[in-house]
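In what follows, a single structure is set out as structure tokens and then discussed.
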Amino acid sequence: MACVGVGVLFFEFETVLTKQNYAVSAAKESDGVSGDATSAADGPRPAASSTSFPTKAPKCDRSFVSRPNAAQNGTFEAPLLSAPLKPNQTQSRQCIYTFIAGPRQRVELIFTAFALRGTPPECIHEYLDLYVEIRDSNVSDLINTPFGGRYCGPIAPRRRISLYRTLALGFFTDKNTTYPELFAGTYAFINDSDYEVGTPEPNTPCTFTVHTEVTRTGNILSPTYPGVYPKDLTCSYQFIGKPGQRIRLEFRDFDLFFGGPHCPFDYVKVYDGLTNESATIGTFCGQQRNLVLYSSESSLFVSFVTLQRTANTQNRGFKGIFEFSESFVKLDFISKNEGEHIRGSECDQKILSKKESEGAVYSPNYPFPYIPKIVCRYFIYGMQDMQHLERVRLSFDKFEIPRPPNKECTDGYLKIYLKGQETMDAYDKYDYEFCGDMLPPQVVSDGPRLVMVFSSGEVQGRGFKAKYKFETEYRIPGTPTPGGSCSFTYRSTSRKRGEFNSPRYPSNYPSGTNCTYIFIATPNEQVNIVFDHFKVRADAANTTYGSYGSHYCQEDWLEIYNMYKDGTEKLVGRYCGVTAPGPVESNRGATGLKVLLHSDDDGVFSGFKARYMFEVAKSIFGDCGSNVSSQEFGVITSPNWPNNYEGPERGLASRTCNWYLSVRPRFRIVLHFESFAVEGDPQNRGCPAAVVRIWNGGEGPPLELCGEKLPQDRTQFTSENHVMRVTFISADKSVGAVGFRAVWTEVSGSPAGCDQFQCVKSGFCVSERLRCNGVDNCGSEDRSDETNCETEAPLEPLAMLGACVGGAGVLALALCVWCHRKRRRRRRQSRRRRLQRGSPGVGYRGSLAGSVAGSNMAPASLPPSLAGSLPASLAGSRRSMQHVCDHYASSVDSV
């Protein structure tokens, strides 16, 4: 319960004790244990008024005194008050209950009933004040006594135990009549020796020194346990043992005011040494369970502090036991493996990495049998910060923990936690449990921490010896190279596709790191890499074209290489900033790809995440390229241009087009883009979905292009020699775009003394035959080769094709008609001859035969138009012509 204020109480008591000269008399009960208190003169009664003044009621005060050979406990209750008053007059009543214990005793008070008017903290009309820190039996000076709290309402105060021999209650009411049911309780005079933990320091209520020569075991209690402990109190307990001993302190009940996780108000602080200047084991407050502490050596210091505050708390303090012993675990098995004993524990230890360090851990007392019924925890911590991340590798050299006949580890065991559980409630979620005499397998932690819990059980054994090693944890999928370096291998024979990333992605990669990723394909395969996230530090990033090459990527960077059987490597590109590499496909003839990530010793970024896929090798031209040579110019377009290009077929990583251009030696190639729209943004995200790469014939890496539109100074490129390669790759995450159209032209290697056509603006020397061919061969923004040309309306290709087909059709039709007529004429002549040779009885045939026989038919001849269109061998031969006519006639008949 909270109180209204100490000042009000002091005023009221001062009024009662000073103005009315109040004093407490001794008890007059015949048993000497308790009696009614007699009062001094009440003084003049105030005039009749509605104002209330504290007055003394006859026989209101009571005192309870411990006497030898008398009962040491009893009951108490509220006074029965009833005073005749004048009309409209009220009278305040105040009663003092005093409890006085004997020598080496204290007073214990327990309330069994409580029903005062008011609601805390507004205790105005009726309340009960408590005083538990009275140094002597004279209660007339309560104004200078620490206040123990004011209570009203239906909730009774908790148990109280006096700090010294005397305890007092002050009951106030402004009601004319009161009854014993207002409050009641029991009191007892208890032995003070329970609170003497050791040798007390003079003139202090709770400062003790405990020597092992005096007592090896005992209890430790807060000064008024289990009653509410006082405020503004400082207690200390010093434990001093013999060399070789350790001290065990177990709190079996712990209830302090909780002011926060750092215990800023009331607390118990335990030091691992003789004084409060020793190393701290821990600071505790609130409610604690199973709090067991051990000293590292032969001394221990405990401090209990409560602060002065207005909050009316009712915590009971603490109770525990202590023990001095030589049988507790010796800690030398920890120090010999460079471990550190965790203060307060019997045998727990922690091992901290010194950057890729290694060592050994042992069971207690190893190589001798361990002590039964002990539990030791091993916390092995790898490095984890902005620059480092490690994991723990554990392997066993010796192992002997007896296994029960039931084949389960129900007695002694060693449990291993690969995720480094550190809370007690997580200890049932172990990853391994070992016992017996077989060596456990090697284990690796899932992160920077590994925890072991060793329980010895009842049957002794020799224990274990294990070696630990801290390895840098990169959190990169793949097969790491032995030795712990940041090097990983991905083989097609192991896995066809997967992911890889920068160290610790998506967290920042560490500084001062060099990581290698090697992708090895089979002879009939190519490897593809597609980047899904990319952010590598670059202080001089290019904000216009993207961050490519060593000029911009000087701090941190990523490089990609083609690897070949002879050990040579060819650079694809160097990347940094947010300019993600475009999709990469290993060259035909290459054994695979290599990716390098480099970071210097300064700031770092989140790195990258990418996918790899091994696929059946494609043609050297890919899916849609070609090889072009012995030509003076040509046009290259993306697939499906001018419509949107598409990504690869479902299940494939990329779609690739390779154009290999070659011109005459001592000539060069000029490539300029007339139209360009490829997914990507070199400045803000690079070309992760699609990319155009240009190898200009030199030894350096290719140029990479993407974006909705190329800058004007990036639309034209000139080869360094007579060859050039252009590659277009779209990844499986491509959504498509219009693509590009590019014109390439053979130009003279030395424009001076040009004997062909020299472009006006660009100065290129191109073939004279390229003038007026309808294609801009002079490069970007130079159409001089297409000026001053004759304006002939050229036939459209489709119209020309239609005219040719139509003319051929008419010619064939005319030839067929002529041949058909020729054949009919021959048939009639043949019929006439048969009639002339046949029987004269057939009049129709005879007359017809006669008419035919009388005619004079000349040999048939081809019209001049047809004869000119046939071969000479046919035009001069009647039999040949007849054969041709038969052929075409049969064709017409078949149609």
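Start at 1 with the first residue, then count along the sequence.
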Which heavy atom of C263 sits nearest to which heavy atom of T283, and what is that distance?
CB-CG2, 4.0 Å

Looking at G260 and C285, what are the two nearest heavy atoms and their distance?
O-SG, 3.7 Å

Heavy atoms only: give me the nearest S193-R104 pair and the separation to one decimal.
CB-NH2, 4.0 Å

Ring center gap for F318 and F304 short of 6.0 angstrom
yes

Given the rule in the side chain to side chain contact (heavy atoms under 4.5 Å, CB included) test, do K419 and K429 qualify, once you have shown the distances and angles that lead to the verdict?
CA-CA 10 Å; K419 296 180 177 61; K429 302 175 183 178; over 6 Å; no

Can you label the angle between the Y187 ring and the F64 ring as parallel, tilted or perpendicular, going by 30° and 60°?
tilted

Do P372 and E458 come within less than 4.5 Å of each other through their side chains, counting heavy atoms only?
no

For the residue pair P223 and P205, establish whether any side-chain heavy-atom pair is separated by less than 4.5 Å.
no

Are L300 and L293 close enough, and set up right, to give a side chain to side chain contact (heavy atoms under 4.5 Å, CB included), and what steps lead you there?
CA-CA 10 Å; L300 194 69; L293 304 173; 5.8 Å; no

Measure across L307 and D266 and return the closest heavy-atom pair with its distance rounded to 0.1 Å.
N-OD1, 3.1 Å

If you take the centroid of each ring, where Trp contributes its six-membered ring, are Y237 and F322 closer together than 6.0 Å?
no

Just by distance, with hydrogens left out, do S66 and Q72 show a side-chain donor and acceptor under 3.5 Å apart?
yes

Judged by atom type as modelled, is there a donor-acceptor pair below 3.5 Å linking the side chain of T224 to the main-chain atoms of I161?
no

Counting the benzene-type ring for Trp, do F171 and Y151 have ring centres under 6.0 Å apart?
no

Closer than 3.5 angstrom, by distance alone: can the side chain of S456 be matched with the main-chain N or O of I371 as a donor-acceptor pair?
yes

Could R216 and E326 be called an ion pair, given the rule that one side-chain N must be under 4.0 Å from one carboxylate O?
yes

Is any side-chain heavy atom of L256 closer than 4.5 Å to one of Y229?
yes

Between K319 and D194, does at least one N-O distance fall below 4.0 Å, as a salt bridge requires?
no

Is it the case that atom CG in N290 sees more than 12 heavy atoms from other parts of the structure closer than 6.0 Å?
no

Do the non-hydrogen side-chain atoms of F324 and K242 ever get within less than 4.5 Å of each other?
no

Has E196 got more than 12 heavy atoms of other residues, nucleotides or ligands less than 6.0 Å from its CD?
yes

Where do C347 and L331 come nearest, in terms of heavy atoms and distance?
CA-CD2, 4.3 Å

How about T173 and E126: does a side-chain donor come under 3.5 Å of a side-chain acceptor?
yes

Is there a side-chain contact between V210 and I220, using heavy atoms and a 4.5 Å cut-off?
no

Run the numbers on Y179 and L80 for side chain to side chain contact (heavy atoms under 4.5 Å, CB included), then give the verdict.
CA-CA 5 Å; Y179 298 96; L80 176 60; 3.7 Å; yes

Output yes when a side-chain donor or acceptor of T280 lies under 3.5 Å from a complementary backbone atom of G282, and no otherwise.
no

A quick test of your reading: do over 12 heavy atoms of other residues, nucleotides or ligands sit less than 6.0 Å from CD of E213?
yes

Going by heavy atoms in the side chains, are R159 and R316 under 4.5 Å from each other?
no

Taking it one step at a time, do S296 and R343 satisfy side chain to side chain contact (heavy atoms under 4.5 Å, CB included)?
CA-CA 7 Å; S296 298; R343 296 187 185 276; 4.0 Å; yes

Here's one to test your reading of the geometry: is the NZ or CZ of R449 within 45 degrees of the ring axis of Y381 and under 6.0 Å from its centre?
yes

Over 60° means perpendicular and under 30° means parallel, so tell me whether F183 and F114 are parallel, tilted or perpendicular.
tilted

Aromatic contact, F454 with Y370 (centres under 6.0 Å):
yes

T209 side chain vs Q238 backbone, donor-acceptor pair below 3.5 Å:
no

If only atom types and distance count, is the side chain of T217 paired as donor or acceptor with the main-chain N or O of E323 below 3.5 Å?
no

Does some side-chain heavy atom of V228 sit less than 4.5 Å from a side-chain heavy atom of R160?
yes

With a 6.0 Å cut-off on the ring centroids, do F147 and Y131 count as close?
yes

Check for me whether K415 meets the cation-pi criterion with Y417, that is, NZ or CZ under 6.0 Å from the six-membered ring centre and within 45 degrees of the ring axis.
no

So is R106 actually on top of Y195's ring, under 6.0 Å and inside 45° of the axis?
yes

Over all atoms of both residues, closest heavy-atom pair of C376 and P364
SG-CG, 3.5 Å

Within the structure provided, determine whether R165 and Q105 are in side-chain contact (heavy-atom separation under 4.5 Å).
no

